[in-house]
Asks: 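Sharing a structure here in structure tokens format.
Given the structure is predicted, the values throughout are model-derived calculations rather than measurements. Side chains are part of it too, since the values below use all heavy atoms of this structure and drop only hydrogens, waters and symmetry mates.
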Amino acid sequence: QVQLVESGGGSVQAGGSLRLSCVVSGRTFSSYAMGWFRQAPEKEREFVAGVSSFSGTIIYADSVKGRFTISRNNAKNTVNLQMNSLRPEDTAAYFCARHRGRAPSKDLIEYTYWGQGTQVSVSS
């Protein structure tokens with residue numbers, strides 16, 4: 001059973017920073033791409049960032065490019081999301097997810113395992 005547990009959410013003012021972490025159980029972490037998604041109230045879940053199995057490919061949503069950085073540590077089974085210059089529109093529940101393959105994608109349907117989410121709130 002694969003389990004993903006996010007942490008690091010919280011409340012910050014606009015312009016602030018947060019670092020999200022996701023720990024993934026299992027021995028096959030390095031075999032799969034990982035991604036971060038977010039979902040604001042009454043909105044669909046949307047892609048934020050993705051990283052390939054050995055970090056050779058990284059992709060971002062246009063809305064977070066230059067502000068967010070995704071990284072992974074295969075020795076620790078963790079994937080992180082450093083979020084800088086936060087804006088009120090970044091307010092959402094953030095979810096990490098494991099892709100079905102080695103290369104990341106922006107398509108939610110290609111991610112097969114999900115965490116429970118961690119809340120990020122940015123005030124103006």
Asks: With a 4.5 Å cut-off on side-chain heavy atoms, are S52 and R102 touching?
Replies: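 Not in contact.
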Asks: Can you find a heavy atom in the side chain of V120 that is under 4.5 Å from one in the side chain of M83?
Replies: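 They are in contact (side-chain heavy atoms under 4.5 Å apart), so the answer is yes.
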Asks: Is it true that atom CD of E89 has more than 12 heavy atoms of other residues, nucleotides or ligands lying nearer than 6.0 Å?
Replies: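 For E89, atom CD is crowded (more than 12 foreign heavy atoms under 6.0 Å).
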Asks: Taking a hydrophobic cluster as the set of Ile, Leu, Val, Met, Phe, Trp and Tyr residues connected by side-chain heavy atoms closer than 4.5 Å, whether directly or through intermediates, do Y94 and I58 fall within one such cluster?
Replies: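 As far as the 4.5 Å side-chain criterion goes, I58 and Y94 are connected within one cluster.
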Asks: Evaluate the side-chain proximity of R19 to S71: yes if any heavy-atom separation is below 4.5 Å, no if none is.
Replies: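 S71 vs R19: side chains touch.
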Asks: Can you confirm whether L20 sits close enough to F95 that some side-chain heavy atom of one is under 4.5 Å from a side-chain heavy atom of the other?
Replies: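 Sidechains of F95 and L20: no contact.
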Asks: Please report the C-alpha distance between N84 and Q82 in whole Å, then the side-chain angles of each, then the deciding distance to 0.1 Å, and finally whether the side-chain hydrogen bond (donor to acceptor under 3.5 Å, both in side chains) criterion is met.
Replies: CA-CA 7 Å; N84 298 329; Q82 177 67 41; 2.9 Å; yes
Asks: Report yes if some heavy atom in the side chain of S21 is under 4.5 Å from a heavy atom in the side chain of K76; otherwise report no.
Replies: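 Not touching, per the 4.5 Å side-chain cut-off.
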Asks: Is there a side-chain contact between Y32 and V24 (heavy atoms, below 4.5 Å)?
Replies: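 Not touching, per the 4.5 Å side-chain cut-off.
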Asks: Is there a side-chain contact between W36 and V79 in this structure, where contact means two heavy atoms from C-beta onward sitting under 4.5 Å apart?
Replies: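 Result yes, sub-4.5 Å side-chain heavy-atom pair found.
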Asks: Rounded at 0.5 Å granularity, tell me how far CD in E6 sits from SG in C22.
Replies: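 Here the rounded value is 5.0 Å.
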Asks: Under 3.5 Å, is there a donor-acceptor pair between the side chain of N74 and the main chain of F29?
Replies: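 Here the side-chain-to-backbone pair does not exist.
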Asks: With a 4.5 Å heavy-atom cut-off, do T69 and Y60 have their side chains touching?
Replies: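 In short, these two side chains touch, coming nearer than 4.5 Å.
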Asks: Report yes or no: do L108 and L4 belong to one cluster of Ile/Leu/Val/Met/Phe/Trp/Tyr joined by side chain heavy-atom distances under 4.5 Å?
Replies: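 Not linked; separate clusters.
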Asks: Examine Y111 together with F37 and report whether their ring centres are nearer than 6.0 Å.
Replies: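 That pair passes the under 6.0 Å test.
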